[in-house]
Amino acid sequence: MRIAINPKSMRVIRGGEIKGPVVYWMSRDQRVADNWSLIYALGLARELNEPVAVVFCIAPGFLNATGRSYRFMIDGLRKVEHRLKSMNVAFILLHGEPVDAIPSLIDDSGAGILVTDFSPLRISLTWKSRIAERVSIPIHEVDAHNIVPCWMASEKQEWSAQTFRRKIKKHLPEFLENFPEIKQPARAWKDDVKNDWGSAESSLNLKACTSAPYISGEDAAEEQLTCFIKEKLELYALHHNDPAKDAQSGLSPYLHFGQISAQRVALAVKNRGDYGEFLDELIVRRELSDNFCYYNDRYDSFNGLPEWARKTLNDHRGDRREYLYTLAELEEGRTHDDLWNAAQLEMLIKGKMHGYMRMYWAKKILEWSESPEIALSRAIYLNDRYELDGRDPNGYVGCAWSIGGLHDRPFRERPIFGKIRYMSYEGLRRKFDVEEYKRRITMMSQ
DNA sequence: ATCGGCTCGCGCAA
DNA sequence: TGCGCGAAGCCGAT
């Protein structure tokens, strides 16, 4: 069979012969452009002369997400629907538990195969294995999110960025390739699909939800990329760790929802000289997060942290904590530390805290909580709830790095933190203009 | 301003 | 078995 994707990007979750239409269950990669799962589904459809439908299932009460995150997602999906319609592909919006809704759709539509994208998160793995038990058609999974498919990059949990970097670099020449043109299917989906967006929005309580200061959708994502390359790429190299400057890519919400492909971003940046630092973060550190979650099912708990880190945190459980805050005090940004409060406020207002501040923010939650377990769960709760790019492997790894030494090394022992790398207000003041950062946040909140 | 030490363990060279 | 080195630092000596 001639399919336009690297076969190593696809895994057979459930085997069997394909007899009937192709259904792509879109989940993590919410875009039409540069989507290996869609490319694969369309390729199969042409090969078999079958129609294609893309289905998205909105799960109820998904992980404490705020209305703002749903708003961002729904707006993006409506654009996906529009774009698919123009290319003879049906888009079906479902809501309910995917474990019920997807098998029902397969039965109702007489689908011959389910294609889906890849996520290393527990909920996704559970959904897929349950669905695989329930249906009798083949299921093929395509990693459309990572440049090097998660299962190809490494066969185990990596120790550090360094060990992972070597493996990724080895595979990049093979996988960092240009995307093929997508060809629309010869046959149209049998029914004219009418999606009820209004009831989807009301079931998510989105009516009153103001949108985040980011325009959603793949067009907006591409615009953001173009603008970043044209105006900010040089700045990034110099200042991306300076929260007082606007030198980040602003792509993370789009990358999280799959509204832009990391591979597209990498291809666009690669052709513009040596931007090693940006590409390292975009590729190595992003894909390392998938590696951690995929190979460590305790990716969001204390017990998933490295041995040396658990030991040193255990040694310091009894240490006196000078400041202890409740979750509500943290959530509302009411601590004694104005810099921390500003970072929290930035997250509340923009749905996106500066990357450098995220480390300091999480480390202080460790310092101000009763135990490392409580600290980790609070950091993850707040991150998942308020960041547009929350509920993502990058978030879990970020919290585990800051609080639990993941992918990091030990440093000089001190109270509470033990040998976990420490960060201080004074250190940040030496590094950048803290007052300017606070000023920016204050202006934003008015 | 700059620099070494802190401290662990992986992975490669030998 | 030894050794170099690491995703974003801190601290104290110079």
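Below, chains carry the letters A, B, ... as their sequence lines are ordered, and counting in each starts from 1.
- Of the nucleotides present, C:dT14 is the one that pairs with B:dA1 by Watson-Crick or G-U wobble criteria, both distances under 3.5 Å.
- OP1 and OP2 of C:dC11 both lie 4.0 Å or more from every side-chain N or O belonging to A:Arg412.
- Put simply, A:Lys431 has a side-chain N or O that comes within less than 4.0 Å of OP1 or OP2 on C:dG9.
- For the OP1/OP2 pair of B:dC10 and a distance below 4.0 Å, the side-chain nitrogens and oxygens of A:Arg409 include no atom meeting the criterion.
- For the C1' atoms, the distance linking C:dC5 with B:dG4 amounts to 15 Å, nearest Å.
- Ion pairing of A:Lys311 with A:Asp315 is present here, as a side-chain N (NZ or NE/NH1/NH2) and a carboxylate O approach within less than 4.0 Å.
- A:Lys419 has a side-chain polar atom (N or O) that falls below the 4.0 Å cut-off from OP1 or OP2 of B:dC8.
- Within 4.0 Å of A:Arg165, counting heavy atoms only, lie sugar-phosphate atoms of the nucleic acid but no base atom.
- Between A:Phe292 and A:His407, the ring planes are perpendicular. Angles over 60° get that label, and only those under 30° would be called parallel.
- Other residues, nucleotides and ligands contribute over 12 non-hydrogen atoms within 6.0 Å of the CD atom of A:Glu329.
- Residue A:Ser160 has no polar side-chain atom (N or O) positioned under 4.0 Å from OP1 or OP2 of C:dG6.
- Among the atoms of the strands shown, only primed sugar atoms or phosphate atoms (P, OP1, OP2) are found under 4.0 Å from some heavy atom of A:Tyr422.
- Nucleotides C:dA7 and B:dC12 place their P atoms 15 Å apart, quoted to the nearest Å.
- Between A:Tyr360 and the phosphate of C:dC10, there is no side-chain N or O to OP1/OP2 separation shorter than 4.0 Å.
- Within 6.0 Å of atom CD in A:Glu177, more than 12 heavy atoms from other residues, nucleotides or ligands are found, so the atom counts as buried in its surroundings.
- Heavy-atom distances to DNA chain B give each of A:Glu413 and A:Lys156 a nearest nucleotide, and the one nearer the 5′ end belongs to A:Glu413.
- When both pairing distances are held under 3.5 Å, B:dT7 makes no Watson-Crick or G-U pair with any nucleotide shown.
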